[in-house]
Number of protein chains: 2
Amino acid sequence: MNAPVLSNIKCGECPIRHRAVCSRCEGAELDILEKIKVYRSFKAGGQILWRGEAMDFVASVVSGVATLGKTLEDGRTQMVGLLLPSDFIGRPGRERVEFDVIAASDVTLCCFDRKPFENLLLVTPHLSERLVEIALDELDAARDWMLLLGRKTAREKIATFIDMLIRRSSLEEETAQNDALTLPLSREEIANYLGLTLETVSRQLSALKSQGIIQFKDRRNFEVLNPQALYDLSGDDSPN
Amino acid sequence: MNAPVLSNIKCGECPIRHRAVCSRCEGAELDILEKIKVYRSFKAGGQILWRGEAMDFVASVVSGVATLGKTLEDGRTQMVGLLLPSDFIGRPGRERVEFDVIAASDVTLCCFDRKPFENLLLVTPHLSERLVEIALDELDAARDWMLLLGRKTAREKIATFIDMLIRRSSLEEETAQNDALTLPLSREEIANYLGLTLETVSRQLSALKSQGIIQFKDRRNFEVLNPQALYDLSGDDSPN
DNA sequence: GGCCAAACTTGACCCAGATCAAGGAATCGT
DNA sequence: ACGATTCCTTGATCTGGGTCAAGTTTGGCC
């Protein structure tokens, strides 16, 4: 892991302050974090962590998108997590990385060396409480994804994925010029996330387009014309 | 949830003491747990918790097997967790249950009312540390299962499942009369766990049998004649 | 601005596993 | 002990999505 070290911005001005692992910390606690944090950047496609490698830092995603992936002996891969801004990388008490972490776009991380961070955790309930919340949210998300991977059709998988992008983006920004979205991943990466092939992803996106449910501006940018239809195609139970 | 309340056994004699959420607690801490715990039993097939229901207790599995399941609007279901003795049900800070919890066999739980348990967590690091460990282990397991559901073939899924049973049973008991195992689930339940149909599960088990890798004693009990071959079929990377 | 590589789309064909269908074997209640 | 119900096996057929194979678009780079 060798990434350029950037000049930090002040925590008070950090765009992910409200959701990241540090979101409950104020004043003195924040000052300590401020002192031990280091920003690092990765180019799109760069490997952030390798499976099995010693994990010597933990980090929050400040900007960009990273993926967590697992690989079978013959090279088939499955993405097991998608890290968007404010998401957390690393686990207290884990010496080694359990999966490959790759920058899907240019990524900036707010890194903390693991040992100091773990020590801080022990004496900072605001930090450890938030970290437990984050871990449990990830567990819920992983289980939702198990349902998707095990039982949903290709169409339902794509619809669920786009629906997730809508929800996540409405959390992030209040900009929200209605339903204009960006795919954070290539077709192949989407396929690895959904347990499909890139050809099937492409076909399903084309099908949604020709049904008038979405409309592409270019390869990555599109607009959702009919969010309700999209949700109906996701196969999920009624909650909205 | 209305299950018979059993007479408790002493924590000191509890068969799951060494792995359950209470495993780090001793002396006074254990006395408190002892006081607030209640054993409850469920018949095979009984529903322990319903998705969306208020979760008013948390629990450890003392004996038997329970499943965590999610369901799509049209009834397709995916098992998202398998709870064996010492596994934990429920999450601090979660008001509602996220999935159906069903007794796959007769099950005995060691239950704690949620509120008192959460209060205890705040003042008992031995308890909360162990709970975080358990949650992170579950997250790792969920991600391994995502790889299985998204990318493995039917054969690989079955091999992985049996391999998991071997590992788990060698953890549990030192009885371990070599490689004699019991399927904790029906064919249909295995199918729901692996993202397959019950017919495919049956066919794959028959195939393993006719390849001389496993041998059935009856429907549920079998012996693994060739654990290495089984592992080789699982598709996983080399570690062992 | 034009070439090249990478990313994507689309078509034709195929196959693993789903679905449909029929028995067989274990278990339960009487 | 006996139907009867539930669970499981096995066979026949079908199909969604994978695989293979061209093309097409896009964006990067001299």
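Below, chains carry the letters A, B, ... as their sequence lines are ordered, and counting in each starts from 1. This structure is a prediction, so every number in the text was calculated from the model and none was measured.
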Does the structure place the NZ or CZ of A:Arg40 under 6.0 Å from the centre of the six-membered ring of A:Phe57, at an angle of no more than 45° from the ring's axis?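 Output yes; distance and angle both within limits.
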Can you tell which of [options] lies closest to the side chain of [X]?
{"X": "A:Ser206", "options": "C:dC8, C:dT9, D:dT9", "answer": "C:dT9"}
{"X": "A:Arg203", "options": "C:dG11, C:dA18, C:dG17", "answer": "C:dG11"}
{"X": "B:Ser202", "options": "D:dT9, C:dA18, C:dC8", "answer": "D:dT9"}
{"X": "B:Gln204", "options": "D:dT9, D:dG18, C:dG17", "answer": "C:dG17"}
{"X": "B:Arg219", "options": "C:dG24, D:dT25, C:dT19", "answer": "C:dG24"}
{"X": "A:Glu199", "options": "C:dC20, D:dC20, C:dG17", "answer": "D:dC20"}

Can you measure [X] atom [atom1] to [N] atom [atom2] for me and round it to whole angstrom units?
{"X": "B:Leu198", "N": "D:dT10", "atom1": "CG", "atom2": "C1'", "answer": "12 Å"}
{"X": "B:Glu189", "N": "D:dC7", "atom1": "CD", "atom2": "C1'", "answer": "11 Å"}
{"X": "A:Leu208", "N": "C:dC8", "atom1": "CG", "atom2": "C1'", "answer": "16 Å"}
{"X": "B:Gln78", "N": "C:dA18", "atom1": "CD", "atom2": "P", "answer": "12 Å"}
{"X": "B:Asn221", "N": "D:dC8", "atom1": "CG", "atom2": "P", "answer": "12 Å"}
{"X": "B:Lys157", "N": "C:dA16", "atom1": "NZ", "atom2": "C1'", "answer": "11 Å"}
{"X": "B:Glu188", "N": "D:dT6", "atom1": "CD", "atom2": "C1'", "answer": "11 Å"}
{"X": "A:Arg76", "N": "D:dG17", "atom1": "CZ", "atom2": "P", "answer": "18 Å"}

Please determine whether a side-chain nitrogen or oxygen atom of [X] lies at a distance below 4.0 Å from atom OP1 or OP2 of [N].
{"X": "A:Arg187", "N": "C:dT9", "answer": "yes"}
{"X": "B:Thr200", "N": "C:dA18", "answer": "yes"}
{"X": "A:Thr153", "N": "D:dG16", "answer": "no"}

Of A:Lys152 and A:Asp218, whose nearest nucleotide on DNA chain D comes first from the 5' end? A:Lys152
Given that B:Arg220 and A:Thr197 both sit by DNA chain D, which one's nearest nucleotide is further toward the 5' end?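 The 5'-side residue here is B:Arg220.
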Just to be sure I understand the rule, does [X] reach a base, reach only the sugar-phosphate, or reach nothing, if contact means heavy atoms closer than 4.0 Å?
{"X": "B:Ser186", "result": "sugar-phosphate"}
{"X": "A:Leu196", "result": "sugar-phosphate"}
{"X": "B:Gly195", "result": "sugar-phosphate"}

Judged by atom type as modelled, is there a donor-acceptor pair below 3.5 Å linking the side chain of B:Asp140 to the main-chain atoms of B:Asp137? no
Between B:Thr108 (side chain) and B:Ser41 (backbone), is there a donor-acceptor pair under 3.5 Å? no
5' precedence on DNA chain C between A:Val201 and A:Arg151 (nearest-nucleotide basis):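 Between the two, 5'-proximity favours A:Val201.
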Classify the side-chain pair A:Gln78/A:Asn192 by whether it contains a donor and acceptor separated by less than 3.5 Å. no
If you measure from the Lys or Arg side-chain nitrogens to the Asp or Glu carboxylate oxygens, is any gap between A:Arg76 and A:Asp74 under 4.0 Å? yes
Could you state the interatomic distance from CD (B:Gln204) to CD1 (B:Ile190), rounded to the nearest 0.5 Å? 12.0 Å
